[in-house]
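Here is the structure we will look at.
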Amino acid sequence: MPILPILKYPNQTLRRKAAPVREFDAELVALVEDMAETMYAAPGVGLAAPQIGVSKQILVYDPATAEEKGNYTALINPRIVEAEGEEIGEEGCLSVRELCAEVKRTYRIVVEARDLEGSRLNFEAEGWPARVLQHEIDHLNGILFIDHLSSLKRTLYKKKLKKIIEAEKQGDIGESAG
Ligand SMILES: [Zn+2]
């Protein structure tokens, strides 16, 4: 199973609204397995299909601590159907280089989705897992965590990113999944 390259902001595929999945077939299973492997290798706690250039409503996530990792969940066509409370917490993103920032999220959510076989799922999440899910579901709608920051913070980040990209070009450092 290959580890896939992760697209980085400002790649435009990250900004597209992902299409719903209609076929629950072997191809979907294989894609999800590659996504999980890519997520663990990065390492990350979640990965959405647009991050590997596939504009479909698919995500994998594993919010467990390091010792308990390996038991990921795949969600197809997920959406948030209930939301309650607020919490501020730190986030980063595999598609946003060198940035961690505090983001306000809903504390408790109810998610509806399909599993890999197309069966309907409906479950509740709170706190950290709910944060990870909101971050990944945002990706399926073309939204990045930096969109939740103040415009000042975003402007500062864009300046920093320009320098990072320049340095990469000069040093000829290839993009990796890290
Ligand atoms: Zn992300």
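Order of appearance sets the numbers: ligands from 1, and atoms from 1 within every ligand. None of these values were measured; they are calculated from a predicted model. For this chain, numbers begin at 1 and follow the sequence in order.
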Are R105 and E87 close enough for a salt bridge, meaning some N to O gap below 4.0 Å?
no
What protein N/O/S atoms lie closer than 2.8 Å to the Zn ion (ligand 1)?
C93 SG, H135 NE2, H139 NE2
For E27, is the CD atom crowded, meaning more than 12 foreign heavy atoms sit under 6.0 Å from it?
no
Could you tell me whether N122 atom CG has more than 12 heavy atoms of other residues or ligands within 6.0 Å of it?
yes
Short side-chain to backbone donor-acceptor contact, E37 and D34, under 3.5 Å:
no
Check the angle between the aromatic planes of Y72 and Y40 and answer parallel, tilted or perpendicular using the 30° and 60° thresholds.
perpendicular
Keeping the roles fixed (side chain from K160, backbone from E98), state whether a donor-acceptor pair exists under 3.5 Å.
yes
